[in-house]
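Below, each value reflects all heavy atoms present in this structure, side chains not excepted, and no hydrogens, waters or symmetry copies. Just so you know, residue 1 is the first one in the sequence shown, and it goes up from there.
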Amino acid sequence: MQTPVTPTHCPYCALQCGMNLTPVPDGDGGSVVEVTERTDFPVNRGALCGKGRTAPALLSSRVRLTSPLVRTDGELRPAGWDEALDRIAEGLSRTRTEHGPDACGVFGGGGLTNEKAYTLGKFARVALGTSQIDYNGRFCMSSAAAGGIRAFGLDRGLPFPLEDIPRTGCVILVGSNLAETMPPALRYLTELKENGGTLIVIDPRRTRTAEQADLHLAPRPGTDLALALGLLHLVVAEGRTDEAYIHERTSGWEEARAAAMAHWPEYVERITGVSVPQLRETVRMFCEPESAMVLTARGPEQQSKGTDTVGAWINLCLATGRAGRPFSGYGCLTGQGNGQGGREHGQKADQLPGYRKLDDPAARRHVAEVWGVDPDSLPGPGRSAYELLDAMGTDIRSLLVMASNPVVSAPRAAHVEERLRSLDFLAVADVVLSETAELADVVLPVTQWAEETGTTTNLEGRVLLRKQAITPPDGIRSDLYVMRELAARLGVEKGFPTDPEEVFEELRRASAGGPADYSGITYRRLAEENGVFWPCPAEEAGGPTGLAAGAGAGGVHPGTPRLFLDRFATPDGRARFVAVSHRPLAEEPDDEYPVLLTTGRVVSQYQSGAQTRRVDELNAAAPGPFVELHPRLAERLGAVEGEPLAVVSRRGRAVAPARITTAIRDDTVFMPFHWPGEGRANTLTNPALDPVSRMPEFKACAVRLERVGV
């Protein structure tokens, strides 16, 4: 009998690489899966990074949770599902009775499937009646989303498929290290260069990605906004604007141009450290080809001015006619596996399914009708992620966490850990006993990607179907089961199905007519078509913006791989320039803290590391944290390669071995953020928030360095 092979997708980053899974015995009487190449999926064409190849290791009972845990006499002990769910319902009910529904918080994750994210938002607002729900995606793509909505009227990470990248003339890659964060995507940049295009990488470190660049700019962290404005100044001064495009397809140019002209090249050079000749060469490389793109990632986005920074890069694209045209545009390289879908369907503090706004009366009526509730019963917008975590133990007394590990991933992490400990009640649903789960009163073990069916939406806006390949072990339940059982215990008996396709059918109705319209997408289509790009309305006429107009054969809409070719998603169809100006970091270096810290990822670990740190092969490649610094800085300190070095900010102290390299500026140090404990980088980071996106300033804060034991 032939062993079944299940085509599905990787559980990690937003590429959602295609893979095949084949069940094999696990040695403990059960089965796990082995990963094999799947060449039919166009995003990765069979290629996988080490994380994807080793993902099945997390299915082993040796490393995962296999039973609910409840805290008794200060210790977590195994328990049955009914006891664990009863404890959670009692904790939430007690808080709601004593302090009101908004004293209950819900914290979700960008790794949840669309079905789970949708249900979590519904659970918070209908079963708990709380406005206090947000998710860890707020820490990833929120500034790019805010900037995209402000300029284009719509946020989709990439408004074009990845396959367009090698066909453009120039790519400016800002604050992304694709070679380590999304290795299979690096081929698109390689193909770009093979096709005669050019690559400009902007990063304070000479990363593996920067080594591929035709031009590498290494600005001081936190100065990306000034850099973009300086480039736009030169575009204007050199007569490289596309005046016809600006006149026909945009608004707000005069104000944006005036703001940019205040950022002359020599001024920008002083701010950023990027020389005037490099600025001029960047403009030449970007403007000379017929088409070009700007792609941003967490570098420019994770700042207290991230939305304005994204806006400045969008302004550069608009001024040169590089948006809404073939093989041109601005795009955000979404990070988490379902970072795109996770922010579309209701687990974000201000959003309802379909990317509808929670404070829009029409949106409330539509979703309330689908849910069978009174629109007036839906709470209003709540706190953003960090603000929610900061309010724990005071305004928020109980918290339910799904698929997130804020003890490691949140800024000012020691403070967040203290706030978690101060809660009256904490429940965590996760695959492993994360650092956050270790603090919980109840921990629920839930299914993983290979053990369940569900949809995700990758960085292109391509909705995908992950298929169940194996049966989960005894003692494991799905997140959908958890929410149904908790809702019932909280008095809401209906409306929380556990079948993911049934949930998706409801999501389709809830999203219909919204900016992220999934109503024309079905599980059958996803399986047959290798994914479908949203917006994909059920009606032939298209969505409310007209962006999805044009049905295919038989009246079935084909989906929308490329946005904005005819119009933008604004009321008048024009893209909007936004006048922005450089401003300092929330925390600039001074005599006490004279160095800048920036953080990021390494290729063999992922996010908070809760899963990847349990995989032997990945740990062997990246066993722990480090502090990367330039030889000149090391010499001033007397730092020695491999010896422990303390990094101290106004929020705390982290210690890790020194890694001395010329690949970083001499006024900057770098730490990866995957580890807890003494080397936890987010102990140091600054929670200063962007006023629009509420994104914390992860990417730059002032620190000092100290040799340990000296």
Side-chain angles (χ1 to χ4, degrees), residues 9 14-16 18 41-43 113-115 117-118 145 148-149 152-164 324 329 331-332 334 337-346 351-356 363 366-367 370 453-467 500-569 573:
H9 297 274
L15 288 179
Q16 287 296 280
F41 186 59
V43 170
T113 63
N114 290 317
E115 292 81 359
Y118 170 85
I149 291 170
F152 306 131
L154 186 72
D155 156 49
R156 197 180 83 184
L158 293 180
F160 40 73
L162 284 162
E163 67 187 43
D164 284 3
C332 160
T334 301
N338 196 31
Q340 181 68 55
R343 66 184 185 263
E344 295 169 2
H345 296 302
Q351 253 155 244
L352 288 170
Y355 229 142
R356 287 180 160 92
H366 174 86
V367 174
V370 173
T453 294
T455 63
T456 61
T457 306
N458 81 345
L459 75 171
E460 307 166 294
R462 189 195 303 252
V463 186
L464 304 165
L465 182 63
R466 285 189 193 161
K467 295 182 180 180
E501 188 168 7
E502 185 178 348
V503 175
F504 190 79
E505 288 299 305
E506 184 178 301
L507 183 158
R508 292 176 62 204
R509 298 195 304 274
S511 73
D517 191 335
Y518 284 30
S519 60
I521 304 174
T522 63
Y523 270 31
R524 178 190 58 78
R525 285 192 65 183
L526 295 177
E528 293 176 354
E529 300 175 31
N530 245 337
V532 178
F533 290 85
W534 71 261
C536 182
E539 304 81 12
E540 293 187 23
T545 64
L547 294 174
V556 175
H557 196 283
T560 315
R562 296 170 180 86
L563 294 169
F564 313 139
L565 294 180
D566 299 315
R567 70 190 309 277
F568 294 95

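The CZ atom of Arg343 sits 10.0 Å away from atom OG1 of Thr457, with the distance rounded to the nearest 0.5 Å. Taking CG of Asn458 as the reference point, atom OG1 of Thr334 lies at 8.5 Å (rounded to 0.5 Å). A distance of 12.5 Å separates CG in Leu464 from OG1 in Thr113, rounded to the nearest 0.5 Å. Residue Gln16 holds its CD atom at 11.5 Å from CG of Leu465, rounded to the nearest 0.5 Å.
No side-chain heavy atom of Cys536 sits less than 4.5 Å from a side-chain heavy atom of Thr560. At least one side-chain heavy atom of Leu162 sits under 4.5 Å from a side-chain heavy atom of Leu15. For the pair Arg562/Asp164, a side-chain contact is recorded, criterion being any heavy-atom separation below 4.5 Å from C-beta on. Two residues are said to be in side-chain contact when any heavy atoms from C-beta on lie closer than 4.5 Å; Glu460 and Phe160 fail this criterion. A heavy-atom distance below 4.5 Å is found between the side chains of Phe504 and Ile521. Contact check for Gln351 versus Arg356: no side-chain heavy atoms found under the 4.5 Å cut-off.
Minimum heavy-atom separation, Cys332 to Leu158: O-CD2, 3.8 Å. The two atoms that bring Pro561 and Pro161 nearest to each other are O-CD, 3.4 Å, heavy atoms only. For the residue pair Ala538 and Ser519, the shortest heavy atom distance occurs at N-OG, 2.9 Å. The shortest non-hydrogen separation linking Val463 to Thr455 is CG1-CB, 4.2 Å. Closest of all the heavy-atom pairs between Trp534 and Pro515 is CZ3-O, 3.2 Å.
Under the 3.5 Å distance criterion, with hydrogens and angles disregarded, no donor-acceptor pair is assigned to the side chains of Arg462 and Gln340. Side-chain atoms of Glu505 and Tyr523 include no donor-acceptor pair closer than 3.5 Å. A donor and an acceptor atom, one from each side chain of Asn114 and Thr456, are nowhere located under 3.5 Å apart. For the residue pair Glu344 / Tyr118, no side-chain donor-acceptor distance below 3.5 Å is found, with atom types taken as modelled.
In terms of the salt bridge (charged side-chain N to carboxylate O under 4.0 Å, His left out) criterion, Glu501 has no residue partners (sequence neighbours excluded). Residues forming a ring-ring contact (aromatic ring centres under 6.0 Å, His included) with Phe533 (at least two apart in sequence, or on another chain): none.
His345 has its ring centre no less than 6.0 Å from the ring centre of Tyr355.
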Audit row: Leu563, Arg156, side-chain contact (heavy atoms from CB on, under 4.5 Å) steps and yes/no: CA-CA 9 Å; Leu563 294 169; Arg156 197 180 83 184; 3.8 Å; yes
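Ion pairing between a basic and an acidic side chain is recognised when a charged N comes within 4.0 Å of a carboxylate O; Asp517 and Arg508 show no such pairing.
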